[in-house]
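Okay, structure first, notes after.
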Amino acid sequence: MIPVRSQIIQLLADAVAPLLEAIEGATPAGLNIELDIPKAAQHGDYATNVAMSLTRQLKRNPREIAAQIIANLKDPEGIIGKVEIAGPGFINIFVQPRAWHGVLKDIYREPGTYGRQDIGAGKKVQVEFVSANPTGPLHIGHGRGAATGDVLARILMACGFQVEREYYINDAGNQMDTLGRSLYYRYQEVMGESIEFPDAHYQGEYMRDLARDFAQEVGRQYHRTPLEEVLPIFTRYAGDRILAGIRDDLNAFGVTIDHWFSEQSLHDADAVRKTMDELEARGYIYEEEGARWFRSTAFGDEKDRVVIRANGVSTYFASDLAYHKNKFSRGFDFVVDIWGADHHGYVERMLAGVEAMGRARSDLKIILVQLVNLLRGGAPVAMSTRSGEFVTLREVLDEVGKDACRFIFLTRRSDSQLDFDLDVAKMQSNDNPVYYVQYAHARLCSIFDVARERGIACGDSPDGPPCNLDRLVEGQELEIMKLLGEYPAVLANCASALQPHFIPYYLHELVSLFHSYYNRNRILGDDNELTQARLYLAGAVRQVIRNALELLGVGAPEKM
RNA sequence: GCGCCCGUAGCUCAGUUGGAUAGAGCGUCGGACUUCGAAUCCGCAGGCCGCAGGUUCGAAUCCUGCCGGGCGUACCA
């Protein structure tokens, strides 16, 4: 049992249950009790609007219901100090200071796993993200998707889901031929040919580098060899090398992919055709104007979509249908797709596809990550893979650093656009929120170093702490304990909203409170009993900072 | 034209399953280091939550319309 918050929710639920049992058709099981933290301290540590939300069912006025709930409230452990009815029917709850000690003990009981919980109950989940075409290096926008997907995966794992990270490789279709041709032409250049590089090919500098490397490996054997004879060789080389580069960049960014899934493998296994057959058997495929269409309008899409063109070639969407069928066949309870927001027009047809395959639409959760506007000194940096004008993720990492980069991405909700100014990110590096948080961690470590030098024993036992926690009576000390107790709820929010940004905001709030407390109070003082109690508190703060940073994939340095 | 996302302090953004007096960072200005890390802290200023209606005990949050920005609207991927 997570201390205080969930204990109070349980007490309230028990108090509400008799009221609901008294009327017919009520469903106490479905009752969701919300416990808010009021903005004003006079409104208590927690407040709930449960009485107001029951007015319709109970057909009584909210204050009356609130009084009834309070009368039913049992509190054998003495967690609640005072309860009040306020305003239109809020129930304000004041927590007994000593109750917060449970939060600290909980943290010390299993430090590294504090915050983890089992709302997922072992459900299998897949998070698919980045999935950039292997035609060039990752850029900053991919980085945002990578950070979001990676951290979402970590959060879901922390919440008891079994998670697999997947990268879908679009290695089929004519873009790969374009890639191979691009390398071919650059290779001929390296051989000394003067050629006119065709439009609509990949003309980034990285292609020249690849061509030089390729020439190193194979020598002159393909010099002036007709393109058609050797294209597959060039395509394969370019694709493999670029994909390896993507893997390296992701690793440098702290992202590890569990499973790389090739689109081509679907074609090789004839999975696209099989999927189309299955959909046809279900009555969702028809022929018109020489093409074959998927009836996505049956599930709310605005128009039907072509899956097999008149020329017999399947579309990308057809592959994606087969891909998602494949995903579900692997036993995932639900799958999360993280897409660039420029694909939002694709959402409805994909959900339609999921339904047509007999799955619930909610089994596919599509998270749209908005575009990143890369700026330098306030001016936009032009980005285009084809033209080769872009700043790579790698360059941003070298310039700004992994921790700052991840933190900036993760501090905004993914569906709002983000201005990322390289100069600002560097210039402000000392005022960057990530350093604010890391500094608190380093400072805490330093305190423990000093304590050790002075020979102060630091209690770290969950049961019957060796220190007297009743000495923690400062307002901020109680606030810190309370906030530490909120951490599991923050994670649960992230998991249900599939949004990581609550964690950075939580961290900032916790760290800010700690810094303020630190400036007002001495942790290591003359009063040994008080010192030990405060160290116990400080250790808990440090632990939660660590756990949260770990989830973000951001380092928790002991010195900086 | 139609569809989706966004519009909150000078700037960048939280808060949007409806809750009490709308928050933070940066920036401006003014304070705090003989004491555990000043990459910190404390304080001041800053708002018709894009506009207008509606729903109700209560709206930044839900509904409708409008304005402004982004993206999409392929038998491309």
Side-chain angles (χ1 to χ4, degrees), chain A residues 32 34 36 38-40 42-43 47-49 52-53 55 61-63 86-90 92 133 135 170 172-176 178 263 288-293 301-303 305-320 340-348 368 370-371 373 378 408 411-413 415-421 424 427-440 442-451 453-454 456 496-497 501-502 504-506 508-509 511-512 514-525 531 534-535 538 559-560:
Chain A
N32 182 28
E34 280 184 46
D36 292 326
K39 285 166 221 154
Q42 76 220 27
H43 293 139
T48 180
N49 64 351
M52 287 180 280
S53 66
T55 49
N61 88 58
R63 291 188 66 104
F90 290 105
N92 293 339
N133 297 341
T135 55
N170 295 127
N174 50 34
Q175 60 171 350
M176 291 308 287
T178 306
E263 178 188 356
E288 196 174 290
E289 296 173 18
R292 298 180 71 72
W293 299 70
D301 195 11
E302 56 189 15
K303 55 177 285 200
R305 309 292 173 173
V306 170
V307 284
I308 311 287
R309 301 182 190 105
N311 66 10
V313 179
S314 61
T315 62
Y316 175 81
F317 178 50
S319 296
D320 232 359
D342 53 338
H343 289 74
H344 74 255
Y346 210 77
V347 170
E348 273 308 314
L368 296 176
Q370 273 292 351
L371 307 181
N373 300 313
I408 288 170
T411 302
R412 285 156 182 87
R413 45 180 308 131
D415 55 7
S416 67
Q417 287 182 45
L418 161 61
D419 288 336
F420 193 104
D421 192 312
V424 171
M427 240 167 48
Q428 292 187 340
S429 63
N430 281 353
D431 298 314
N432 197 306
V434 71
Y435 298 112
Y436 183 72
V437 175
Q438 290 181 320
Y439 179 72
R443 180 180 247 181
L444 278 156
C445 289
S446 172
I447 293 168
F448 280 92
D449 287 344
V450 174
E453 281 166 25
R454 296 186 189 172
I456 301 170
S496 67
H501 72 281
F502 300 111
Y505 278 93
Y506 171 80
H508 190 276
E509 190 183 354
V511 160
S512 166
F514 169 72
H515 278 314
S516 177
Y517 169 69
Y518 175 89
N519 272 276
R520 273 183 221 183
N521 304 90
R522 289 199 64 75
I523 291 172
L524 307 175
T531 295
R534 287 182 168 173
L535 275 175
K559 294 195 185 331
M560 53 191 290

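A, B, ... follow the sequence lines: proteins, then strands. Residue 1 opens every chain.
- Using a 4.5 Å heavy-atom threshold, the side chains of A:Val450 and A:Ile456 count as separate.
- Taking the P atom of each, B:G50 and B:U8 are spaced 6 Å apart, rounded to whole Å.
- Contact annotation: A:Tyr436 reaches the phosphate of B:C41 (side-chain N/O to OP1 or OP2, under 4.0 Å).
- Here B:A14 presents its P atom at 5 Å from OH of A:Tyr505, a figure rounded to the nearest Å.
- Distance A:Tyr506 OH to B:A24 C1': 16 Å, rounded to the nearest Å.
- Annotation: of the two residues near RNA chain B, A:Val313 and A:Glu302, the 5′-most nearest-nucleotide partner is A:Glu302.
- Distances shown here put a side-chain N or O of A:Lys39 below 4.0 Å from the OP1 or OP2 atom of B:A20.
- The A:Arg522 side chain lies nearest to B:C36 when the options are B:C36, B:A20, B:G37.
- A:Thr135 places none of its side-chain heavy atoms less than 4.5 Å from the side chain of A:Thr178.
- Base engagement by A:Ala442 is indicated by at least one non-hydrogen atom pair under 4.0 Å involving a base atom.
- Here the side chains of A:Ile447 and A:Arg534 are not in contact, with every heavy-atom distance at 4.5 Å or above.
- Comparing B:A20, B:G25, B:C36 against the side chain of A:Leu524 picks out B:C36 as the nearest.
- Within 4.0 Å of A:His501, counting heavy atoms only, lie sugar-phosphate atoms of the nucleic acid but no base atom.
- A:Phe502 comes within contact range of the sugar-phosphate backbone alone, with a heavy-atom separation under 4.0 Å but no base atom that close.
- Counting any heavy atom pair closer than 4.0 Å across all strands shown, A:Ala47 reaches a base atom.
- B:C41 atom C1' lies 14 Å from atom CD1 of A:Ile523, rounded to whole Å.
- Nucleotides B:U56 and B:A9, compared at atom C1', are 30 Å apart to the nearest Å.
- Contact annotation for A:Gln42: base contact, defined as any heavy-atom pair under 4.0 Å involving a base atom.
- Qualifying side chain to side chain contact (heavy atoms under 4.5 Å, CB included) partners for A:Ala442, counting only residues two or more places apart in sequence or in other chains: A:Met560.
- Helical stems in RNA chain B, defined as runs of 3 or more consecutive Watson-Crick or G-U wobble pairs with donor-acceptor distances under 3.5 Å: B:1-7 with B:67-73, B:10-13 with B:23-26, B:29-32 with B:40-43, B:50-54 with B:62-66.
- Below the 3.5 angstrom threshold, one finds a donor paired with an acceptor across the side chain of A:Asn49 and the base of B:G19.
- Taking atom CG of residue A:Asn133 and atom P of nucleotide B:A77, one finds them 10 Å apart after rounding to whole Å.
- In this structure, a donor-acceptor pair under 3.5 Å is present between the side chains of A:Asn133 and A:Gln175.
- Checking the phosphate oxygens (OP1, OP2) of B:A39, a side-chain nitrogen or oxygen of A:Tyr439 falls inside 4.0 Å.
- The distance between atom CZ of A:Arg63 and atom P of B:G58, rounded to the nearest whole Å, is 17 Å.
- Applying the side chain to side chain contact (heavy atoms under 4.5 Å, CB included) rule to A:Asp320 yields the partners A:Tyr168, A:Tyr316, A:Tyr323, A:His324, A:Tyr346, A:Met350; only residues at least two apart in sequence or on another chain are considered.
- Using a 4.5 Å cut-off on side-chain heavy atoms (C-beta onward), A:His43 and A:Phe90 make no contact.
- The two residues A:Arg63 and A:Ala86 make their nearest non-hydrogen contact at NH1-C, 3.8 Å.
- Annotation: side chain to side chain contact (heavy atoms under 4.5 Å, CB included) contacts of A:Thr411 (sequence neighbours excluded): A:Phe407, A:Pro504, A:Tyr505.
- For A:Ser446, whose side chain is taken as the heavy atoms from C-beta onward, the closest listed nucleotide among B:C36, B:U40, B:A39 is B:C36.
- In this structure, A:Asn521 reaches the bases: a heavy-atom distance under 4.0 Å links it to at least one base atom across the strands shown.
- Taking both residues in full, the closest heavy atoms of A:Ala497 and A:Phe502 are given as CB-CE1, 4.2 Å, listed atom of the first, atom of the second, then distance.
- A side chain to side chain contact (heavy atoms under 4.5 Å, CB included) with A:Asp415 is found for one member of A:Arg413, A:Gln417, A:Arg412 and no other, namely A:Arg413.
- What separates NE2 of A:His515 from P of B:U40 is a distance of 7 Å, to the nearest Å.
- Residue A:Pro88 places its side chain closer to B:C57 than to any other of B:G37, B:C57, B:A77.
- Rounded to an integer number of Å, the gap from NZ of A:Lys303 to C1' of B:G3 is 13 Å.
- A:Ala538 comes within 4.0 angstrom of nothing in the nucleic acid, heavy atoms only.
- Nearest to the side-chain atoms of A:Arg520 among the listed nucleotides B:A77, B:G3, B:C42 stands B:C42.
- In terms of position along RNA chain B, the nucleotide closest to A:Glu34 lies nearer the 5' end than the nucleotide closest to the other residue of the pair A:Glu34 and A:Ala310.
- Taking the syn range as angles within 90° of 0, the glycosidic angle of B:C5 is outside it, so the base is anti.
- A search for side chain to side chain contact (heavy atoms under 4.5 Å, CB included) contacts involving A:Ala538 returns A:Leu444, A:Phe448, A:Ile523, not counting sequence neighbours.
- Heavy atoms of A:Arg292 sit nowhere under 4.0 angstrom from any nucleic acid atom.
- The separation of B:G18 from B:C62, taken at their P atoms, amounts to 9 Å, rounded to a whole angstrom.
- Across all strands, A:Glu348 comes closer than 4.0 Å to no nucleic acid atom at all (heavy-atom distances).
- A donor N or O paired with an acceptor N or O is found under 3.5 Å between the base of B:A20 and the side-chain atoms of A:Asn92.
- Spacing between B:C67 and B:G58 at atom P, rounded to whole Å, works out to 30 Å.
- Residue A:Asn170 has its side chain nearest to B:A77 when only B:G25, B:A77, B:C75 are considered.
- If you measure from atom CZ of A:Arg305 to atom C1' of B:A74, you get 10 Å, rounded to the nearest angstrom.
- Minimum heavy-atom separation, A:Pro62 to A:Pro88: CG-O, 3.2 Å.
- When the side-chain nitrogen and oxygen atoms of A:Ser516 are compared with OP1 and OP2 of B:C42, one or more of them lie within a distance under 4.0 Å.
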_Per-nucleotide protein contact string for nucleotides 4-12 of chain B, where B marks a base within reach and S marks sugar-phosphate only (heavy atoms under 4.0 Å, - for neither)_ = BS------S
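- The side chain of A:Tyr346 approaches B:A77 more closely than any other nucleotide in the set B:A77, B:G37, B:U35.
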